[in-house]
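Positions are given from 1, in the same order as the sequence printed here. The structure displayed is predicted, hence computed values, not measured ones.
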Amino acid sequence: MKRTIVGKALPNIPWQAKPKGSCDVLWRYSKNPVIGKKALKDSSRIFNSAILPYKNGFVGVFRADHRNGYPNLHLGRSKDGFKWDLDNEIITFVREDGSPGVPIRYGYDPRLVELEGEYYITWCNFFHGPTIGIARTKDFKTFTQLENAFLPFNRNGVLFPRKINGHYVMLNRPSDNGHTPFGDIYLSQSPDMTYWGKHRLVMPTTHYWWKNVKLGAGPIPIETTEGWLLIYHGVCATCSGFIYSTGAALLDIDDPSRVIADCENYILTPEEPYETTGFVPNVTFPCATLHDAATGRLAIFYGAADTYCALAFAQVDELINYIRSHPVRTL
């Protein structure tokens with residue numbers, strides 16, 4: 001049975017065919033990175049960013065680490081998903097009554113989703129420590145800041161692209177105020193995008209070395225005929241520091257706190273120079289996907305070495321088959 005994406009066609013999805021002879025289920029863009037260092041005059045690094053189709057092209061919310069050491073959120077636009085024009089100005093927010101939003105000390109690792117005719121940004125926001133900020137926009141000109149979703153400390157807030165059983169649903173990772181030497185993926189629900197509860201554990205760390213320290217949800221989950229396709233990062237500790245690899249799993253379509261299948265193998269791990277060498281070496285951190293329901297093509301944007309934005313590709317049917325044929329085992 002062929003596994004397919006539930007959704008719209010995206011005929012202009014950025015795409016590069018798999019190299020001949022490759023056995024990889026996910027393959028890198030040959031001209032990576034798509035955004036290099038110092039793409040903005042006030043920042044040295046742009047990475048861990050989120051993108052979406054918008055009008056006839058694409059729009060993105062990008063993490064840019066400024067020269068004062070603080071990360072900030074910037075808007076970007078692209079006609080083809082490969083070449084990007086970034087705004088040098090930081091995104092500013094307003095409250096729902098139109099007054100200025102709460103000042104942002106830092107904002108990083110955004111996600112971006114279309115939901116009920118509007119576009120929602122979630123990001124790691126300062127509120128006496130890291131927590132999940134939420135904002136919405138209709139035109140990528142005015143950004144309305146909502147209440148933070150959780151108490152600190154929390155990271156990796158990822159909204160589902162539609163309500164499930166009448167509730168908004170968000171994946172997240174409770175953490176600490178430091179570099180988080182632990183972490184499991186949780187699911188939280190809300191009736192109104194303000195009050196969040198019904199917290200459920202989705203995916204804990206495992207005995208598999210590449211994801212035995214912490215996990216974090218990556219791009220917006222993709223609805224497929226097999227369930228929600230979740231691409232995530234898994235972290236292990238070595239004598240020289242953390243290594244961030246990329247994994248994939250399937251969640252139940254009606255109860256996404258239930259894991260249907262989780263792959264024992266990573267689908268991407270730091271290997272290329274732009275992934276192994278940078279501000280934080282040995283990081284592949286997926287934050288966004290584009291998908292074409294007509295062809296099953298996936299374009300996956302990921303942060304590389306906390307320095308660059310890079311791009312990889314997959315076919316959804318092949319990826320789901322790989323997850324199913326390489327299940328996590330209890331040892």
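Hydrophobic clustering (ILVMFWY, side-chain heavy atoms < 4.5 Å, transitive): Leu311 and Phe62 are in one cluster.
Across all their heavy atoms, Asp184 and Pro204 have their closest contact at OD1-CA, 3.4 Å.
Looking at heavy atoms from C-beta onward, Ile320 lies out of side-chain contact with Thr225 at the 4.5 angstrom threshold. Within the 4.5 Å cutoff, the side chain of Asn156 has no heavy atoms near those of the Leu171 side chain. Taking the side chain as every heavy atom from C-beta outward, Pro270 and Ile243 approach each other to under 4.5 Å. Between Asp317 and Thr4, the closest side-chain pair of non-hydrogen atoms is not below 4.5 Å. Ser245 has its side chain out of reach of Lys211: every pair of non-hydrogen atoms, C-beta onward, lies at least 4.5 Å apart. Counting heavy atoms from C-beta on, the side chains of Phe301 and Cys309 never come closer than 4.5 Å. Residues Tyr232 and Asp262 form a side-chain contact, since some pair of their non-hydrogen atoms from C-beta on lies under 4.5 Å apart. With a 4.5 Å cut-off on side-chain heavy atoms, Trp228 and Pro161 count as touching.
Side chain of Arg95 to main chain of Gly101: no donor-acceptor pair is present (N/O by atom type, distance under 3.5 Å, no hydrogens or angles). Judged purely by atom type and a 3.5 angstrom limit, Thr122 has no side-chain atom pairing as donor or acceptor with the backbone of Ile134. Judged purely by atom type and a 3.5 angstrom limit, Arg111 uses its side chain to pair as donor or acceptor with the backbone of Gly218. Judged by distance alone, the side chain of Arg173 and the main-chain N or O of Leu215 form a donor-acceptor pair under 3.5 Å. Distance alone, capped at 3.5 Å, places no donor-acceptor pair between the Asp87 side chain and the Glu89 backbone. Side chain of Thr144 to main chain of Glu96: no donor-acceptor pair is present (N/O by atom type, distance under 3.5 Å, no hydrogens or angles). Under the 3.5 Å distance criterion, the side-chain polar atoms of Thr206 are left unmatched by any main-chain donor or acceptor of Asn212. A donor-acceptor distance shorter than 3.5 angstrom exists from the side chain of Thr137 to the backbone of Thr142, with no hydrogens or angles considered. A donor-acceptor pair under 3.5 Å is absent between the side-chain atoms of Thr277 and the main chain of Tyr274, judged by distance alone. Not a single donor-acceptor pair under 3.5 Å links the side chain of Ser188 to the backbone N or O of His199.
Remark: Lys37 pairs with Thr307, Tyr308 by the side chain to side chain contact (heavy atoms under 4.5 Å, CB included) rule, at least two apart or across chains. In terms of the ring-ring contact (aromatic ring centres under 6.0 Å, His included) criterion, residue partners of Phe82 (sequence neighbours excluded) are, by chain and number, Tyr29. Residues that satisfy the ring-ring contact (aromatic ring centres under 6.0 Å, His included) test with Tyr120, not counting sequence neighbours, are absent from this structure. Residues meeting the ring-ring contact (aromatic ring centres under 6.0 Å, His included) test with Tyr106, sequence neighbours left out: Tyr108, Phe126.
Atom NZ of Lys163 is surrounded by more than 12 heavy atoms from other residues, nucleotides or ligands within 6.0 Å. Counting heavy atoms of neighbouring residues, nucleotides and ligands inside a 6.0 Å radius, atom CG of Asn56 does not exceed 12 of them. The number of heavy-atom neighbours closer than 6.0 Å to CZ of Arg324, taken from other residues, nucleotides and ligands shown, is above 12. Atom OH of Tyr266 sits in a sparse spot, with 12 or fewer heavy atoms from other residues, nucleotides or ligands closer than 6.0 Å.
Exactly one of Leu229, Ile260, Val328 qualifies for a side chain to side chain contact (heavy atoms under 4.5 Å, CB included) with Ile323. That residue is Leu229. Checking each of Tyr244, Phe242, Tyr302, Trp210 against His233 for a ring-ring contact (aromatic ring centres under 6.0 Å, His included) leaves exactly one that passes, namely Tyr244.
A parallel orientation is assigned to the rings of Phe93 and Trp123, their planes being inclined by less than 30° (bins at 30° and 60°). The aromatic rings of Phe313 and Trp27 are tilted relative to each other, their planes meeting at an angle between 30° and 60°.
Applying the side-chain hydrogen bond (donor to acceptor under 3.5 Å, both in side chains) test to every pair with at least one member in residues 6-19, sequence neighbours left out, gives these pairs: Gln16-Ser30, Lys18-Glu318. Listed by first then second residue, pairs satisfying salt bridge (charged side-chain N to carboxylate O under 4.0 Å, His left out) with a partner in residues 232-257 read Asp252-Arg258, not counting sequence neighbours.
To the nearest 0.5 Å, atom CD1 of residue Ile121 and atom CG of residue Leu73 are 7.0 Å apart. Atom OG1 of residue Thr238 and atom CG of residue Asn282 lie 7.0 Å apart, to the nearest 0.5 angstrom.
In this structure, Asp292 does not pair ionically with Arg297, as no charged nitrogen and carboxylate oxygen lie closer than 4.0 Å.
For Phe47 and Phe279, the ring centers are positioned 6.0 Å apart or more.
In this structure, Lys214 is not positioned above the aromatic face of Phe182 in the sense of NZ or CZ being under 6.0 Å from the six-membered ring centre and within 45° of the axis.
Judged purely by distance below 3.5 Å, without hydrogens or angles, the side chains of Asn154 and Tyr186 never pair a donor atom with an acceptor atom.
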